[in-house]
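Contents: one structure, followed by commentary.
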2 protein chains.
Amino acid sequence: MPTERQKGSSRPRELVWARAERATKGPAPSTSRRQIAAAGVALADAEGLEAVSMRKMATALEVGTASLYGYVGSKDEIYDLMVDWVEGEDGPPPPPGGDWRSDLTALAHRIRGSILRHPWMAGVAAGRPNFGPNSLAWVEYGLTALDDLELTIDEMLVASEILHAFVRGFAIRELAEQQALQRAGLDDQEWGRVLGPYMDSIEKSGRYPRFIRVVREAHVPHAADRQEVIFTTGLDYILDSLSPRASR
Amino acid sequence: MPTERQKGSSRPRELVWARAERATKGPAPSTSRRQIAAAGVALADAEGLEAVSMRKMATALEVGTASLYGYVGSKDEIYDLMVDWVEGEDGPPPPPGGDWRSDLTALAHRIRGSILRHPWMAGVAAGRPNFGPNSLAWVEYGLTALDDLELTIDEMLVASEILHAFVRGFAIRELAEQQALQRAGLDDQEWGRVLGPYMDSIEKSGRYPRFIRVVREAHVPHAADRQEVIFTTGLDYILDSLSPRASR
DNA sequence: CACGTACTCCGAACGGTGTTCGGAGAAGAG
DNA sequence: CTCTTCTCCGAACACCGTTCGGAGTACGTG
């Protein structure tokens, strides 16, 4: 999660994206924002977001700790760079394929994939909007796909927001479950040992009968695939609700 | 954001919710998990999540810092307690009103309200699932409302997941926008000064025409109300897509 | 070519952080 | 009354984000 600004903080500089990467005068910088982003992503992927500290970043980049503040105004800006790096890791958006439905489906799976591949994304993106060039390119891609539906500009905005909200919200929930598993020591059985007794007591309390029914019934062996099915089904529900609005 | 566990950490104890609050033998504890949760929420609401430190919590509760570890296994567990405290702050769920659609609408608005009222919720809930009693009660409420639709158990699960995913995802996005505004110094004009030049350069690049169109057109005076409208519209889309599945 | 300026680099320090350790003291069990 | 078991917590450890101010470098200009 992005560190929160304290109340009396000095006025923010310009956005990272708006500041020039390199000055014209002094010595050449020995690294770049792009390298900083890549190093941050590598660190966070390997050891978790907590491992992204200014000192470790500096060590990874073979640079003094304080030097990073020449590239970045604060640690939060490193998060911004990391998010946009991930948005760009698969290359730029392809040209739309002409079928809005499959374009949007692909977009949704891509967003979900990014979050699952980089679990720290959920927490980082929660507190700050991201206006990086790669993020914008993918938003533009989604809006372009929606063009085929001949919606008003307001309907397009709503449609885009709904899609992104669902995908992001779903991936976050999926991730929380997945990480809880991982936290119990990378061991499925261990998790059962910890959660099991509590679930039993919940069941015995009798206050959550439908929840218990869902949990017991959904506790099938192929949990990973189950999430896949729920996601795809939910996505279809949402795309279904978009199409009738095209033929007004 | 929840602190991530490091790899070699010792095995986790039981869940907070499963551990006994009070032992039978020694002296009586001088505070309670409930008070810890309330103090944490108050601190986070007033000064941001970053202000929730073990030392400040201990000071607020008039207790030594190390004493907190008798109530809680780690700082993350304090986050768990805080989330469930918020889930319970409006009292227990009412009995379902008989109309599934209005029940679910009310539920959605309640979740969104909680996140907007306690902005730190988004980041905290991103990394950990919450199985606290109050959270479960509201999940149960949603499932109960869905009972009227005569869905299969799997359809109920999907429907519940979709609703929660959309609401959570939307609130997070809304919050990010709102906090970016706040970060610029509680000043709308300041934000324009920071963002404006960047948006102009984006526009001049010509690479994001649809995005620019949406931004310019959505930049109306009544921004707060705009979010309300988008949320309500999106929610209706989703509920619309649920109802046809009732009459299979 | 040389000067001045504008920049990059970064060691050291400041005030915080989460968590552990181990002793002191309180209260129910026998 | 003793013993056991719990609560409490000061002190310490390793680390954190950020700031300061000096040293060094390369370009624009005279």
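Below, read A as the first sequence line, B as the second, and so on, with proteins coming before strands; counting in each chain starts at 1.
Rounded to an integer number of Å, the gap from Ile36(A) CD1 to dC9(C) C1' is 13 Å. Here dC15(D) presents its P atom at 12 Å from CD of Glu50(A), a figure rounded to the nearest Å. Atom C1' of nucleotide dC10(C) and atom CG of Leu61(A) are separated by 14 Å, given to the nearest angstrom. If you measure from atom CG of Asp76(A) to atom P of dC16(D), you get 16 Å, rounded to the nearest angstrom. Rounded to a whole Å, the CD atom of Glu47(A) is 11 Å from the P atom of dC16(D). Computed from coordinates, the Arg19(B) CZ to dC6(D) P distance equals 14 Å when rounded to whole Å. Following rounding to the nearest Å, Leu49(A) (CG) and dC16(D) (C1') show an atom-to-atom distance of 14 Å. The distance from atom CE of Met57(A) to atom C1' of dC16(D) is 15 Å, rounded to the nearest whole Å.
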What's touching nucleotides 24-30 of chain C from the protein side, N or O pairs under 3.5 Å?
unit_1: dG28(C); atom_1: O4'; unit_2: Lys25(B); atom_2: O; d: 3.4

Show me the protein contacts with nucleotides 12-14 of chain D, counting only N or O atoms at under 3.5 Å.
none

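With distances taken from any side-chain atom of Ala66(A) to the nucleotides dT19(D), dT18(D), dT19(C), the minimum falls on dT19(D). For Tyr69(A), whose side chain is taken as the heavy atoms from C-beta onward, the closest listed nucleotide among dT19(D), dC16(D), dG18(C) is dT19(D). Here the side chain of Met54(B) is nearest to one of dC10(C), dG18(C), dG17(D), namely dG18(C).
Remark: Glu228(A) engages Arg112(A) in a salt bridge, criterion side-chain N to carboxylate O under 4.0 Å.
Inspection of the Gln227(A) and Gln178(A) side chains reveals no N or O donor paired with an N or O acceptor under 3.5 Å.
Residues meeting the salt bridge (Lys or Arg N to Asp or Glu O under 4.0 Å) test with Arg207(B), sequence neighbours left out: none. Under the side-chain hydrogen bond (donor to acceptor under 3.5 Å, both in side chains) criterion, Thr31(B) pairs with Gln35(B), not counting sequence neighbours. Residues passing the side-chain hydrogen bond (donor to acceptor under 3.5 Å, both in side chains) test with Arg34(B): none are found, sequence neighbours excluded. Shown here are the side-chain hydrogen bond (donor to acceptor under 3.5 Å, both in side chains) partners of Arg173(A), two or more places apart in sequence or in another chain: Glu161(B). Residues that satisfy the salt bridge (Lys or Arg N to Asp or Glu O under 4.0 Å) test with Arg117(A), not counting sequence neighbours, are Glu89(A), Asp90(A). Phe231(B) is linked by a ring-ring contact (aromatic ring centres under 6.0 Å, His included) to His109(B), Phe166(B), Phe170(B), counting only residues two or more places apart in sequence or in another chain. Partners of Asp80(A) under the salt bridge (Lys or Arg N to Asp or Glu O under 4.0 Å) rule, at least two apart in sequence or in another chain, are Arg128(A). For Glu203(B), the side-chain hydrogen bond (donor to acceptor under 3.5 Å, both in side chains) partners two or more places apart in sequence, or in a different chain, are Arg216(B).
Contact between the side-chain N/O atoms of Ser30(B) and the OP1/OP2 oxygens of dC8(D) is found at a separation under 4.0 Å. The side chain of Tyr71(B) contributes an N or O atom lying less than 4.0 Å from OP1 or OP2 of dC8(D). One finds no side-chain N or O of Thr65(B) lying less than 4.0 angstrom from the OP1 or OP2 phosphate oxygen of dC9(D). Phosphate proximity of dT7(D) to Ser67(B): absent, as no side-chain N or O sits under 4.0 Å from OP1 or OP2.
Between the axis at the start and the axis at the end of the helix from dC1(C)-dG30(D) to dG30(C)-dC1(D) there is an angle of 10°, using five pairs per end and rounding to 10 degrees.
Sorted by first and then second residue, the salt bridge (charged side-chain N to carboxylate O under 4.0 Å, His left out) pairs involving residues 132-141 of chain B (not counting sequence neighbours) are Arg210(A)-Glu140(B).
When atom types are taken as modelled, the side chain of Thr59(B) and the backbone of Arg55(B) share a donor-acceptor pair closer than 3.5 angstrom.
Two residues, Leu68(A) and Ala51(B), neighbour DNA chain C, and the one matched to the more 5' nucleotide by heavy-atom proximity is Leu68(A).
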